[in-house]
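Here is the structure we will look at, set down as structure tokens.
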Amino acid sequence: MEHFALWLAAFLTLGIVSFLYKDNPWYKLCEAIFVGLSAGYWFVVLFWDNIYGKFWVGVFPLEEFDEAGREITAEPDYWLFVGAALGILMLMRLVPNIGWISRWPLAFIVGSTAGLYLINYFSSNMMRQVQGTIVPLFGAGYDASAYAIVGNIVVAVGTFAGLVYFFFSKEHRGVFGGTAKVGVFFLMLTFGASFGYTVMSRMSLLIGRMDFLLGDWLGMIK
Amino acid sequence: MNHNCRTTKQTFLRRDFLLLAFLIIVIAPTLAAQQASDTMPADTVVADSILVARTPAPPISVTVQDLPNDAGGSIKVNWGLSPDDVAGGKARKYRILRAETIDGQRQEFTEIGDVTSGATEFIDGNATSDVEFYYKVMAVNFLSEDNETIWEATSKSDEAGPVKSSAQWFDWRRINVFVGVIVLCGFILYYINQAKAGKKLFIRKIAGLEAVDEAVGRATEMGKKIFYIPGTQDMDNVQTIAGVTILGRVAEMAAQYETWLEVPVSRSLVLVTAKEVVKEAYTKVGRPDAYQEDQVHYLTDDQFGYAAGIDGMVVREKPATIFYMGAFYAEALILAETGNSIGAIQIAGTAMPSQLPFFVASCDYTLIGEELFAASAYLSREPKLLGSLKGQDMGKAVILIAIVVGVLLETFGIWKLSNLFTVID
């Protein structure tokens, strides 16, 4: 059985890799298995995590006892019925005449997401970013290495110029346009570094698959 | 005769052996124990009188209060140091004891934690809200070897309490975030009103969005499909929301040009939302008949399963135009490279810093970060959205001024403006 699973995994891996050559029936088969299996897998995971794990267990908590045998069962959380009701409203799409009701839970999700993230992003992407950017560049009792000073200048100038690039209500001309160009320059430098870093991490994924094929499957790597 | 003598001798030998074995098994351990007892360190056998001499003085002035600015469930315990809490002194740590009240009955004090000497504060993070608690702080002197306590001498403070924890409406430590959000919302509301009043608001040209018309037109001319990929995240991600908003505008154009728009999605909520958006877009331009339910369809929640499915569709159906708008992870390059290989015009937009380089490298146009969020205002030119964009720009102007002023103040050592931007979690 173990050998069968190993050969099946190798067959599917090579099938997906064969896409590098061109689209072919082998890839189509593997793709269909991958998409179908993963869709089914996620359905089961979401059912047990959410409908059972969060809603059912939340409303009807499982009996639990501590080491001394005393009951420590959690209190039922009836607020979960609000989520369940929104979920049922979503299913109204299946009834054409009242399908419009399914827009309510959607509006709730989109609205609450926007509201919640407003504070989160304002704190992390604005406040903390500005705090990290406001740094002494040099002098005035600031005791730092030349390396740190250059780093501070790059952070301050890069953030300033980058922000100027993301100004949408002013034409990028003259000094303003020049600063925006400096901002793009910083962005592209960052992207280049990020590109190289991510490619290297992808190489480790490739090495992992090659290790499976040549080691676990073919036994060529001991 | 010899035989009998040998037998008797053997019997005696056996008896001697048994006696020796008895001595080894029974007496030897007793002697060993006795010897061990004689060689044990003096510290391990501690008389009560010695323990009394080693007992530290108790901590003084124990106070308890509900931890402010929290969601309840926490109580702050403070105390004054034991007089023996000095370098090399007898108070080596403090142990915190707590008694809760259940149905009006005070329970036994139990240990809830300890801190090293020199500390004067302990936060009890497991104090159920609206339940009365009493606290004591114990000064502890001890000797341990190999994580085993050999002896311990303790003294308890007077008890403090009762105290209850409760949730507060406001966390005053985050007042700076509140003020910042109010200022930003004020700018946005002001400019929305200005836009509604008819004031013309300028938005600079964004190349990636200028190309949307061209991309849709190209698909129409070639008689091929448009693919729209709204990312792999759910509707609780602002990038997905932005992507679905742009989808509405693209769907309008596709409906006007009668070009087939296909939207494969990876999340059930995105499926429902995208269907609504596309259907509404077709209705808005007067082509509800052209909308078909299977234009927006589900593939799988799995990141790479989704990528494999789209890759297959792309190479088989060869769309003329592909949009990638939303949150993407490692599948970004797999998707964009496949689209590039069939010669499709590709426009991407994401705020994922790690994936932007791949889109920049393999797509014709890329909306970088905030350009994705500005896209809906840019494409629709609705006063409300334009005003919002202008308001955000004013927020950025304030940030730019703060950075310049703050850096100058800190460089010349005048004032730490950065403290105003400290966010307490």
Side-chain angles (χ1 to χ4, degrees), chain A residues 16 19 22-23 27-28 30-31 34-39 41-42 46 90 93 102-103 106 109-110 113-114 117-119 121-124 126-128 130-142 156 159-160 163-164 166-172 187-188 190-192 194-195 198 202, chain B residues 176-177 180-181 184 201-204 206 235-238 241 269 272-273 276 298-302 304-306 308-309 311-312 315-316 330 333 353-354 356-358 360-361 368-371 374 378 389-390 393 395-397 399-400 402-404 406-407 410-413 417-418 421-423:
Chain A
I16 292 291
F19 184 73
K22 69 174 188 179
D23 190 30
Y27 175 76
K28 283 179 188 168
C30 296
E31 176 203 322
F34 195 2
V35 174
L37 266 184
S38 60
Y41 170 80
W42 280 105
L46 292 173
M90 191 74 90
R93 290 185 61 80
S102 68
R103 290 182 174 192
L106 283 179
I109 291 163
V110 173
T113 297
Y117 281 103
L118 171 67
I119 303 300
Y121 284 144
F122 193 83
S123 300
S124 62
M126 205 290 269
M127 301 287 280
R128 288 203 173 96
V130 174
Q131 190 188 27
T133 307
I134 299 178
V135 285
L137 299 183
F138 47 78
Y142 177 59
T159 308
F160 184 89
L163 257 178
V164 168
F166 287 109
F167 249 77
F168 298 112
S169 57
K170 188 166 169 56
E171 192 72 76
H172 286 179
L187 284 173
M188 292 305 152
T190 313
F191 291 161
S194 177
F195 190 97
T198 313
R202 300 292 161 78
Chain B
N176 54 352
V177 176
V181 169
L184 181 63
L201 299 175
F202 171 79
I203 298 188
R204 73 167 167 86
I206 300 174
M235 286 310 293
D236 61 352
N237 187 300
V238 285
I241 295 175
L269 278 177
V272 177
T273 316
E276 287 292 332
Y298 173 80
L299 279 178
T300 169
D301 272 62
D302 189 85
F304 290 112
Y306 181 62
D311 277 357
V315 291
R316 275 161 232 146
L333 185 60
S354 58
L356 273 166
F358 297 119
V360 170
I368 300 168
E370 211 182 329
E371 288 177 341
Y378 190 92
L389 201 59
K390 177 78 178 172
D393 270 4
K396 283 176 220 158
I399 293 170
L400 285 177
I403 288 175
V404 173
V407 166
E410 296 217 2
T411 300
F412 294 105
L417 184 71
S418 56
F421 295 91
T422 304
V423 179

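Here the structure is a predicted model, which is why all the values come from computation and not from measurement. Quick note on labels: first sequence line is chain A, next is B, and so on, each numbered from 1.
Interface remark: B:Leu269 contributes backbone and side-chain atoms alike to the contact with chain A (heavy atom separation under 4.5 Å). Contacts between A:Tyr117 and chain B at a heavy-atom distance below 4.5 Å involve the side chain alone, from C-beta outward. For A:Leu37, no part lies under 4.5 angstrom from a heavy atom of chain B. Only the side chain of A:Ser102 comes within less than 4.5 Å of a heavy atom of chain B; its backbone N, CA, C and O stay farther away. Using a 4.5 Å cut-off between heavy atoms, B:Tyr298 contacts chain A through its side chain alone, with no backbone atom that close. Proximity to chain A is limited to the backbone of B:Asn237, based on heavy atoms less than 4.5 angstrom apart. For B:Val177, the parts lying near chain A are the backbone and the side chain together; criterion is any non-hydrogen pair under 4.5 Å. Contacts of B:Leu201 with chain A are absent, with no heavy-atom separation under 4.5 Å from either backbone or side chain. Interface residue B:Val423: backbone and side-chain heavy atoms are both found under 4.5 Å from chain A. Looking at B:Ala361, the atoms closer than 4.5 Å to chain A (heavy atoms on both sides) all sit in the side chain, from C-beta outward. Using a 4.5 Å cut-off between heavy atoms, A:Phe195 contacts chain B through both its backbone and its side chain. The contact between B:Ile206 and chain A is made entirely by side chain atoms (from C-beta outward), counting heavy-atom distances below 4.5 Å.
Taking each heavy atom of A:Ile134 and B:Val407 in turn, the nearest pair found is CG2-N, 3.8 Å. Pairing each heavy atom of A:Val135 with each of B:Thr411, the nearest pair is O-OG1, 4.2 Å. The two residues A:Leu163 and B:Lys396 have their closest heavy-atom pair at CD2-CG, 3.8 Å. Summarising the geometry of B:Thr300 relative to A:Ser38, their closest heavy-atom pair is OG1-OG, 2.8 Å, with the distance given to 0.1 Å.
With hydrogens and angles ignored, the 3.5 Å screen pairs no side-chain donor or acceptor of B:Ser418 with any backbone N or O of A:Gln131. Judged by distance alone, with hydrogens and angles left aside, the side-chain atoms of A:Ser169 form no donor-acceptor pair with the main-chain N or O of B:Lys390 at under 3.5 Å.
Of the listed residues (B:Val238, B:Leu356, B:Leu400), the one with the most heavy-atom contacts under 4.5 Å to chain A is B:Leu400. In terms of heavy-atom pairs under 4.5 angstrom with chain B, the leader among A:Arg202, A:Met126, A:Met90, A:Lys22 is A:Arg202. Between chain A and the options B:Val360, B:Leu184, B:Val315, heavy-atom pairs under 4.5 Å are most frequent for B:Val315. Of the listed residues (A:Cys30, A:Gly192, A:Ala156, A:Ser194), the greatest number of heavy-atom pairs within a distance under 4.5 Å of chain B belongs to A:Ser194.
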Worksheet item: Are B:Arg316 and A:Asp23 close enough, and set up right, to give a side chain to side chain contact (heavy atoms under 4.5 Å, CB included), and what steps lead you there?
Response: CA-CA 8 Å; B:Arg316 275 161 232 146; A:Asp23 190 30; 2.9 Å; yes
Worksheet item: Is there a salt bridge (charged side-chain N to carboxylate O under 4.0 Å, His left out) between B:Asp393 and A:Lys170 once you walk through the steps?
Response: CA-CA 9 Å; B:Asp393 270 4; A:Lys170 188 166 169 56; over 6 Å; no
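B:Ile399 CD1 to A:Thr133 OG1: the interatomic distance, rounded to the nearest 0.5 Å, is 9.5 Å. The CE atom of A:Met188 sits 4.0 Å away from the CD1 atom of B:Ile368 when rounded to the nearest 0.5 Å. B:Asn176 CG to A:Phe122 CZ: the interatomic distance, rounded to the nearest 0.5 Å, is 8.5 Å. In this structure, the separation between CD1 on A:Ile109 and OG1 on B:Thr273 is 7.0 Å, given to the nearest 0.5 Å. Taken to the nearest 0.5 Å, the OH atom of A:Tyr41 stands 9.0 Å off from the CG atom of B:Asp302. Rounded to the nearest 0.5 angstrom, A:Arg128 CZ and B:Thr422 OG1 are separated by 9.5 Å.
No side-chain heavy atom of A:Phe167 sits less than 4.5 Å from a side-chain heavy atom of B:Arg204. The shortest distance between side-chain heavy atoms of A:Tyr27 and B:Asp311 falls below 4.5 Å.
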